[in-house]
Q: 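Dumping the structure here so I can ask a few things about it.
Keep in mind the model is a prediction, meaning the values are calculated, not measured. Chain letters run A, B, ... following the sequence lines, proteins first, then strands; residues in each count from 1.
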Amino acid sequence: MSQASAISPTREKDFPEWYQQVVRAADMAENSEVRGCMVIKPWGYGLWENIQKQLDVKFKETGHVNAYFPLLIPLSYLEKEAQHAEGFATECAVVTHHRLEAQKQPDGTTKMIPSGKLEEPYVIRPTSETIIGAAFARWVQSYRDLPLLINQWANVMRWEMRPRLFLRTAEFLWQEGHTAHETEEEAVEETKLMHRVYTDFLCNHLAIPVIPGVKTENERFPGAVDTYTVEAMVQDKKAIQAGTSHYLGQNFAKAANIQFLGRDNTRQFAHTTSWGMSTRLIGTLIMAHGDDDGVIMPPRVAPSQIVILPITPKPDTRQEVVDACEALAKTLRAQSFGGEPLRVHVDKRDLQGGAKNWEWIKKGVPLRIEMGPRDITSRSVAVCRRDLGPKAKEFVPKEDFLQNVTELLQEIQDSLLKRATEMRDANMKKLETLEEFQAFFAEEGPGGFALMHWAGSNEEEDKIAKDMKVTIRCVPLSDEFAEEGKCFLTGKPSQKRVVFAKSY
RNA sequence: CGGGGCGUAGCUCAGCCUGGUAGAGCGCUUGCUUUGGGAGCAAGAAGUCGUCAGUUCGAAUCUGGCCGCCCCGACCA
């Protein structure tokens, strides 16, 4: 029996529920028995591995090296930077004991009782500025030790009130870059450089267009001087922060005592930065590209870019078909896309063709290739693109397919970016008045990104956030947002429009 | 931490009001028929009904405590 779409409910009907169903249907992750923590399954983790691999290349290209720091941070470290401490205080898991004692119960079972109380509790890192800062303080003696350009791939824990698979989990995977520099100019340049790396990665690897910009003081990372952000729009028109790069000034250097002897023979505090992207990218990708049949993986990062489905209607031709599929896969794997060998999977499982096909649709494989006895005779393959409808199938000569496959993948990559960009642009509006603004974000309003002239205070910004659940996502860097105007709330003059939106 | 809801098979849930000893769909196993677009039929495996106590001849069902989870708010990548 055919269904209208593979995922129910549709995006239109109930977006949050659609999201959860897609994650499940694509078999990317599941909720675990640990509150707020997820099990990332192979299809989800495969995507993360590609994100990781490709980001890591960019980090290395820009001069960074990887290192690893402890999961546990002495509680006192978090007390060193007041703003930072306050920012994370409400979401820290704390380790207080280091051993268990077995206690026999009357019913024969054993209870394990924590004992060996720690003198000083440890906090499971919510982020590593403080402990990496302490290491930097030891490592930096002279201006010759700078810049120090370190990245860490790690898990962190933030005890969030309301977890959601990939978007907000108590434990998540990420990378955190931490750098120390001799001068403010250098550190600011580093912050901007990584911001550009993130912009480029989202656009060219995940096919997600973003608005690069700066956070307002209210939205800044706790303890930062400036927070640069990349804001994406997903299909329910909400904004999602996909990556941030912070210029930390000398705040953390002073807290951790990162000092060096400068060229002028005076002791100076270093200027530090930090920047991160997390498994939230996976949720962003799903919400940006998915349709009512499930995930759509951009080819650059898809765990498998091509899945070959052997069509074996008769047992006596089965082996021949499977062999031909394996041979095709081998030929494809010799080609490369985005600088990596093609990732090709032959699905030989003994399942019904239709069911198998839909499984890969839901997982979002960019290209599905069917090959059966008839195709072997006619030297052709059936090609299905995930970015087109589930029924779109084209029979093409095998040689042509082999010749054009990387272009085809690029075409899919481009079409996803184009589609996402059109969606965003169609839902991004320049508004002038408070009335327009309120109507835009009203319950029945269109919603999206409102480009507004703004010259209000932090308190006025807060009030809008409280009253309407709308925040300034960023002050865009690009000149296309610069123009003379008047703040829609206060009427004060403004040089630039900022992006207001509801957000994840 | 406030407001609401829920714990029954691997998953989603019905049964509870009106107590009588365990159900459905999906998934799983086997067989047959199907197979170029989410198959059909048949047979089968699978649950100390979250937990502890109370009421009762008898509790998934009624009462109370405890534990856990989900949703809505405040917090957040």
Q: Among all residues two or more places apart in sequence or in another chain, which pass the salt bridge (charged side-chain N to carboxylate O under 4.0 Å, His left out) test with A/D467?
A: A/K463
Q: Pairing check on B/U48: which nucleotide meets the Watson-Crick or G-U wobble criteria with it, both distances under 3.5 Å?
A: none
Q: Which one, B/G37, B/G36, B/A77, comes nearest to the side chain of A/I361?
A: B/G37
Q: Please report, rounded to the nearest Å, how far the P atom of B/G38 is from the CH2 atom of A/W360.
A: 19 Å
Q: Mind checking A/F395 for me? I need base, sugar-phosphate or nothing, with any heavy atom below 4.0 Å counting as a touch.
A: base
Q: Could you check which of B/G36, B/G37, B/A77 has an atom nearest any side-chain atom of A/R374?
A: B/G36
Q: Counting only Watson-Crick pairs (N1-N3 plus N6-O4 or O6-N4) and G-U wobbles (N1-O2, O6-N3), all under 3.5 Å, who is the partner of B/A74?
A: none
Q: Could you please name the partner base of B/U61, counting Watson-Crick and G-U wobble pairs only when both distances are under 3.5 Å?
A: none
Q: Which residue lies toward the 5' end of RNA chain B, A/G243 or A/P373, if each is placed at its nearest nucleotide?
A: A/P373
Q: Tell me, please, which residues at least two apart from A/D236 pass salt bridge (charged side-chain N to carboxylate O under 4.0 Å, His left out).
A: none
Q: Any side-chain heavy atom of A/M287 sitting closer than 4.5 Å to one from A/Y504?
A: yes
Q: List in chain and number order the residues that pass ring pair (Phe, Tyr, Trp, His ring centres under 6.0 Å) with A/W360, two or more places apart in sequence or in another chain; answer none if no residue qualifies.
A: A/W43, A/H345
Q: Name the nucleic acid region contacted by A/A382, choosing base, sugar-phosphate or nothing; use a 4.0 angstrom heavy-atom cut-off, strictly under.
A: base
Q: List the residues meeting ring pair (Phe, Tyr, Trp, His ring centres under 6.0 Å) with A/F401, not counting sequence neighbours, and say none if there are none.
A: none
Q: At a cut-off of 3.5 Å, list every protein nitrogen or oxygen paired with a nitrogen or oxygen from nucleotides 8-12 of chain B, distance to 0.1 Å.
A:
residue, atom, partner, partner atom, Å
B/C11, O2', A/R24, NH1, 3.4

Q: Produce the list of close N/O pairs, under 3.5 Å, pairing protein atoms with atoms of nucleotides 68-76 of chain B; give distances to one decimal.
A:
residue, atom, partner, partner atom, Å
B/C72, OP1, A/R162, NH1, 3.3
B/C72, OP2, A/R162, NH1, 2.3
B/G73, OP2, A/R162, NH2, 2.7
B/C75, O2, A/E160, OE1, 3.4
B/C76, O2', A/E160, OE2, 3.1
B/C76, O2, A/R168, NE, 2.6
B/C76, N3, A/R168, NE, 3.2
B/C76, N3, A/R168, NH2, 3.4

Q: What nucleotide among B/A77, B/G37, B/A39 has an atom nearest to a side-chain atom of A/K393?
A: B/G37
Q: Can you list the residues that meet the salt bridge (charged side-chain N to carboxylate O under 4.0 Å, His left out) rule with A/D200, with sequence neighbours excluded?
A: A/K58
Q: Applying a 3.5 Å limit to both distances, which nucleotide forms a Watson-Crick or G-U wobble pair with B/G68?
A: B/C6
Q: Under a 3.5 Å limit for both distances, which nucleotide forms a Watson-Crick or G-U wobble pair with B/U30, could you say?
A: B/A42
Q: Looking at every strand, decide which applies to A/G372 at a 4.0 Å heavy-atom threshold: base, sugar-phosphate, or nothing.
A: base
Q: Please determine, for B/A24, whether a Watson-Crick or G-U wobble partner exists with both distances under 3.5 Å, and give it or none.
A: B/U12
Q: With a 4.5 Å limit on heavy-atom distance, are the side chains of A/L309 and A/K356 in contact?
A: yes
Q: Distances for protein N/O vs nucleotides 24-32 of chain B N/O pairs under 3.5 angstrom?
A:
none

Q: What integer distance in Å separates A/K314:NZ from B/U34:P?
A: 12 Å
Q: Taking a pair as Watson-Crick or G-U wobble with both distances under 3.5 Å, which nucleotide is matched to B/U35?
A: none
Q: Say we look at B/G47 and B/A22: how far apart would their P atoms be, to the nearest angstrom?
A: 13 Å
Q: Could I get the full list of side chain to side chain contact (heavy atoms under 4.5 Å, CB included) partners for A/Q20, not counting sequence neighbours?
A: A/E17
Q: Taking B/U56 as the reference, what is the distance to B/G20 when you measure between their C1' atoms (whole Å, please)?
A: 12 Å
Q: Under the rule for salt bridge (charged side-chain N to carboxylate O under 4.0 Å, His left out), what residues qualify as partners of A/E461, not counting sequence neighbours?
A: none
Q: When A/N151 is tested against each of A/E176, A/H64, A/Q175 for side chain to side chain donor-acceptor pair (under 3.5 Å), which residue passes?
A: A/Q175
Q: Taking atom P in both B/G40 and B/U34, what distance in whole Å separates the two?
A: 15 Å
Q: Does the side chain of A/Q352 get closer than 4.0 angstrom to OP1 or OP2 of B/U35 through an N or O atom?
A: no
Q: Mind checking if A/S32 touches a base, just sugar-phosphate, or nothing, with heavy atoms under 4.0 Å?
A: nothing
Q: In whole angstrom, give me the gap between the P atoms of B/G68 and B/A60.
A: 24 Å
Q: Any non-hydrogen side-chain atom of A/I308 less than 4.5 Å from a side-chain atom of A/D347?
A: no
Q: What is the distance from CG of A/L309 to C1' of B/G38, rounded to the nearest Å?
A: 13 Å
Q: In whole angstrom, give me the gap between the P atoms of B/U61 and B/U21.
A: 14 Å
Q: Could you check how far CH2 of A/W358 sits from C1' of B/A39, rounded to whole Å?
A: 15 Å
Q: Suppose you measure atom C1' in B/U8 against the same atom in B/A24; what distance do you get, rounded to whole Å?
A: 12 Å
Q: In whole angstrom, give the distance that lies between atom CG of A/N357 and atom P of B/U35.
A: 17 Å
Q: How far does the P atom of B/G2 sit from the matching atom of B/A9, given to the nearest Å?
A: 31 Å
Q: Send over the distance from A/E176 CD to B/A77 P, rounded to a whole Å.
A: 14 Å
Q: Which residue pairs pass the ring-ring contact (aromatic ring centres under 6.0 Å, His included) test when at least one of the two sits in residues 281-317 of chain A, sequence neighbours left out?
A: none
Q: Starting at CD of A/E129 and ending at C1' of B/A77, how long is that distance when rounded to a whole Å?
A: 12 Å
Q: Please measure how far the P atom in B/C72 lies from the corresponding atom in B/C16, and state the result in whole Å.
A: 29 Å
Q: Among residues at least two apart in sequence or on other chains, which ones pass side chain to side chain contact (heavy atoms under 4.5 Å, CB included) with A/D226?
A: A/V214, A/R220, A/Y228, A/Y247
Q: Could you give me the CA-CA distance, side-chain angles and deciding distance for A/F15 and A/Y19, then say whether ring-ring contact (aromatic ring centres under 6.0 Å, His included) is met?
A: CA-CA 6 Å; A/F15 194 81; A/Y19 174 78; 7.5 Å; no
